[in-house]
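Shown next, in structure tokens, is the structure this report addresses.
On a predicted model such as this, the values are computed, not experimentally measured, just so you know.
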Amino acid sequence: MPKKKSITVRRFFTLLLAYAMFCVTGGVVASGFLLPAVFGANTAVKALIPSLKTEGINFDVTDLPQKSTIYASDGKTVIAQYYTQNRIVVPLNQVSSYMQKAVVAREDRRFFEHAGVDVQGVMRAFVQTYIKKGDTQGGSSLTQQYVKNVLMSQAEEDNDPIAVYHASEETVARKLREMLIAVQMEKKYTKAEILQGYLNIAQFGNGIYGVETAAQRFFNKSAKDLTIVEAATIAAITKNPAKYDPTENLKESQTQRNIVLDLMYQQGYITKAERDKAKATPVKDTLHVQNVNAGCQAAGDAAFFCEYATKQILNSKEFGKTEAAREKLLEQGGLKIYTTMDVNANSAAMKAARETIPVDDPTGFEVAIAAIRPGTGEVLGFGINRTYDASQSSGGGTKTALNYAVDQVDGGGWGFQVGSTWKPINLAAWMRAGKSINQSLKTYTSYSLSSFPGYSGTGTWSVQNSGGGTTSPETPLEGLVKSHNTTQASMAQIIGINSIADTAKLMGYHNSPSGQTDIYSSNSYNPPMVIGSVQASPLTMANVYATIAANGVECTPIALKKVVNKDGDSLKVPSANCHQAISSGIAQTVAYALNQGVVQSGGEAATTQLDNNRKTFAKTGTNESTYMLTGGFVPQVAAYVAVGNAESVQSFNNKTINGVYHSTWYGMYIATPAWKAFMNTYLAAAKIPANNSYGTPDAAYTGTTATATSSSTQ
């Protein structure tokens with residue numbers, strides 16, 4: 001065997017210079033005359049390119065961007081798929097042999113013979129392009145094409161249009177770089193590994209990357225099941241993905257497919273009979289096209305939940321130190337994201353929201369519904385009477401990407417003033433201070449601000465009940481049942497608004513606006529807080545009611561149950577941090593007050609009673625005719641409804657909404673029906689049994705002895 005000729009680094013550079021000059025004068029492909037000598041310089045090449053991490057780009061054939069899939073809580077229903085490039089990576093043994101052979105026949109018939117660069121292919125391309133004056137051909141090997149695809153993918157990932165241009169421009173520098181890296185790749189990886197990498201990275205249609213995605217897109221099957229004719233159809237696309245995509249140009253697709261079939265026959269991959277039978281089969285008769293959609297935009301009625309789950313990933317450091325790293329993981333990491341969304345709950349919420357106020361109602365009022373599973377933190381679904389549109393970053397129209405049911409940081413708005421639905425928090429705080437719900441209190445319509453413990457304001461606060469004036473004396477229980485404001489003020493004057501603020505935080509309350517979420521923020525911490533002057537999201541308020549429903553256990557709302565990476569490893573997800581926030585006795589007693597007083601005949605929330613006389617716990621609210629609200633629960637699910645204009649304060653008075661006119665609107669007219677519609681529909685669909693034992697009051701909080709008195713200015 002003849003001894004291989006060694007080459008010095010100097011000689012290597014001389015050859016490269018000659019190569020470049022020859023390419024410039026005679027065309028890129030003509031450089032094939034010099035390639036054998038250039039690529040015989042193994043040590044020099046290794047010195048110049050010591051690894052495949054060239055320019056910080058990883059050419060690892062096993063590490064390609066993959067799409068992430070978001071599932072509902074059943075682990076089967078796909079909510080959405082996220083990707084920079086729509087790709088499903090599969091091992092070579094999951095690609096049919098016909099598909100492997102079709103690509104090799106089409107792209108690089110000497111793939112298994114060359115060492116990264118097909119010299120004969122380069123020369124053939126030169127002759128075809130420059131001597132015969134035919135179509136321009138590049139002569140790139142399959143390995144070189146893999147390198148080019150990686151460079152393109154990286155440039156697109158970096159959103160670098162200049163890099164995209166340089167990765168595809170017809171220049172000596174690009175070709176040389178591809179060839180050098182291709183040779184290095186052939187030293188590190190086997191032919192099977194390189195073929196696998198190419199099959200997973202190549203573009204097989206408009207927005208379709210990788211053979212598995214293409215198989216599912218065009219034929220609704222896995223790549224391992226592709227037939228001769230299907231494999232040839234897909235393999236034909238790569239030369240010109242836009243032009244040869246069968247969904248874009250059926251006639252040209254069939255012409256190119258037949259070329260591939262001829263090449264497969266010439267290479268001995270299929271018989272003449274197989275070729276002829278395949279060519280006689282119209283492409284249109286083989287297609288079973290499936291839509292390929294990306295992100296929350298394609299999630300339908302689950303889009304608002306999808307957006308919330310996505311924000312949970314982008315805002316959580318469990319998935320990366322920076323938001324950019326987390327976004328890359330979401331769009332390229334091949335994650336399987338299992339969420340808490342209950343399909344029945346989300347569907348019922350969306351239906352209730354849109355039937356309460358249609359999307360195109362002239363008033364433009366929003367309906368926002370949030371549902372959560374008590375004791376777990378699991379968010380079950382959202383209802384928004386809008387059409388999700390990711391291109392609409394602001395609200396105010398019928399289409400929006402804002403989820404009005406969640407906090408601003410989670411993709412929502414400023415929230416809604418919660419009105420009287422806050423009052424169960426006051427009752428819980430009252431009992432935490434050791435007080436009885438049946439203690440008789442004197443109430444007034446004017447309170448000195450300096451008389452509220454924990455508040456340093458001056459002046460007076462004038463407050464009255466919905467019908468005007470006050471009822472005195474009155475117990476905290478009666479004050480909740482009748483939703484009287486003055487009783488709340490008297491309670492706060494005795495125990496302090498700081499005690500109420502602390503209890504609210506314990507029960508899961510925080511404000512919605514970013515930067516002002518703490519209840520002690522100046523925008524919320526004041527005596528009117530106790531009658532619901534604060535701004536909160538429906539999800540936050542649903543969580544407060546869930547704490548009451550779960551024997552006082554508060555959990556941070558979560559959207560993610562499990563996240564698995566492309567290697568099958570489970571990633572850490574944000575914890576619900578469930579803990580005992582208020583005592584079980586206090587939670588049960590608040591529940592008792594809501595059911596036995598508020599929901600019963602004569603109570604302010606009597607209209608919330610659920611179907612089949614199911615034991616119901618709820619509270620309505622109205623905030624000065626601008627927001628209509630209802631919150632409540634059964635032990636298995638808590639939900640909250642807010643209705644109003646989420647962008648600016650607008651009055652409901654003298655409005656016709658969904659064909660119904662009222663001179664004065666109340667929560668029971670519009671928010672309560674929406675709450676009941678959701679609860680009844682979901683409870684029936686999920687077949688959730690009634691739990692009529694919940695809501696047993698603790699005797700420690702139901703006595704009649706007064707332990708403190710109220711003082712006020714009148």
Side-chain angles (χ1 to χ4, degrees), residues 85-88 95-109 111 121 124-125 127-129 132-140 142 145 148-149 152 168 170 198-294 298:
Q85 295 180 337
N86 185 20
R87 184 193 328 280
I88 305 172
V95 179
S96 77
S97 62
Y98 291 128
M99 186 68 231
Q100 297 178 40
K101 294 170 182 176
V103 164
V104 171
R106 171 73 164 188
E107 299 298 324
D108 186 359
R109 62 194 180 103
F111 172 67
R124 171 183 49 77
V127 171
Q128 176 66 25
T129 304
K132 293 186 176 180
K133 305 297 183 182
D135 293 336
T136 300
Q137 296 190 10
S140 294
L142 191 147
Q145 292 182 57
K148 178 181 178 180
N149 275 292
M152 287 286 293
S168 58
E170 289 297 327
Y198 177 80
L199 286 166
N200 280 308
I201 199 172
Q203 185 175 357
F204 292 105
N206 285 326
I208 307 299
Y209 296 85
V211 67
E212 178 68 16
T213 309
Q216 294 187 15
R217 161 65 170 161
F218 300 119
F219 304 111
N220 193 29
K221 60 170 58 177
S222 295
K224 64 183 176 61
D225 299 320
L226 291 170
T227 64
I228 294 172
V229 67
E230 293 165 345
T233 301
I234 292 175
I237 299 173
T238 56
K239 289 292 186 185
N240 192 326
K243 186 176 181 181
Y244 300 159
D245 185 322
T247 64
E248 301 291 336
N249 192 331
L250 191 61
K251 181 179 179 181
E252 189 60 37
S253 171
Q254 183 155 315
T255 297
Q256 295 299 319
R257 179 208 64 179
N258 290 344
I259 291 174
V260 175
L261 290 170
D262 285 335
L263 291 170
M264 292 177 72
Y265 168 63
Q266 293 168 15
Q267 295 301 306
Y269 292 145
I270 58 175
T271 66
K272 183 176 183 299
E274 288 174 324
R275 181 200 65 178
D276 293 345
K277 180 180 179 182
K279 290 179 71 172
T281 305
V283 168
K284 65 180 179 63
D285 291 347
T286 66
L287 296 176
H288 191 175
V289 178
Q290 304 297 302
N291 289 329
V292 178
N293 297 311

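Here the side chain of D245 pairs a donor or acceptor atom with the backbone of N206 at under 3.5 angstrom. The backbone N or O of A223 sits less than 3.5 Å from a side-chain atom of E212, completing a donor-acceptor pair. For R257 (side chain) and K279 (main-chain N/O), a donor-acceptor pair under 3.5 Å exists by modelled atom type.
Side chains of V103 and M99 form a contact here, defined as non-hydrogen atoms less than 4.5 Å apart. Proximity of V260 to M264: side-chain heavy atoms (C-beta onward) are separated by under 4.5 Å at one or more points. In this structure, K243 and E252 have side chains that are in contact, with non-hydrogen atoms separated by less than 4.5 Å.
Across every non-hydrogen atom of V229 and A278, the tightest pair is CG2-O, 3.8 Å. Summarising the geometry of Y198 relative to L142, their closest heavy-atom pair is CB-CD2, 3.4 Å, with the distance given to 0.1 Å. Of all the heavy atoms in S222 and A215, the pair that sits closest is C-CB, 3.9 Å. Looking at every heavy atom in both residues, V95 comes nearest to Q100 through O-NE2, 3.0 Å. Scanning both residues, Y244 and A236, for their nearest heavy atoms gives CD1-O, 3.3 Å.
Counting heavy-atom neighbours within 6.0 Å of K239 NZ, excluding the residue itself, gives a total above 12.
The NZ atom of K224 lies 10.0 Å from the CG atom of L226; values are rounded to the nearest 0.5 Å. The NZ atom of K221 sits 5.5 Å away from the OG1 atom of T227 when rounded to the nearest 0.5 Å. Residue T233 holds its OG1 atom at 11.5 Å from CD1 of I228, rounded to the nearest 0.5 Å. Atom CD1 in I208 sits 8.0 Å away from atom OG1 in T247 (nearest 0.5 Å). The CD1 atom of I270 lies 12.0 Å from the NZ atom of K277; values are rounded to the nearest 0.5 Å. A distance of 9.0 Å separates CD in E230 from CG in D225, rounded to the nearest 0.5 Å.
Residue E274 forms a side-chain contact (heavy atoms from CB on, under 4.5 Å) with just one option from Y269, Y98, Y265, and that option is Y98. Partner of F218 under the side-chain contact (heavy atoms from CB on, under 4.5 Å) criterion, out of V283, I237, T286: I237 alone. The side-chain hydrogen bond (donor to acceptor under 3.5 Å, both in side chains) test with T238 is passed by exactly one of E107, Q203, R106: E107.
Residues satisfying the salt bridge (Lys or Arg N to Asp or Glu O under 4.0 Å) criterion with K284, sequence neighbours excluded, are absent altogether.
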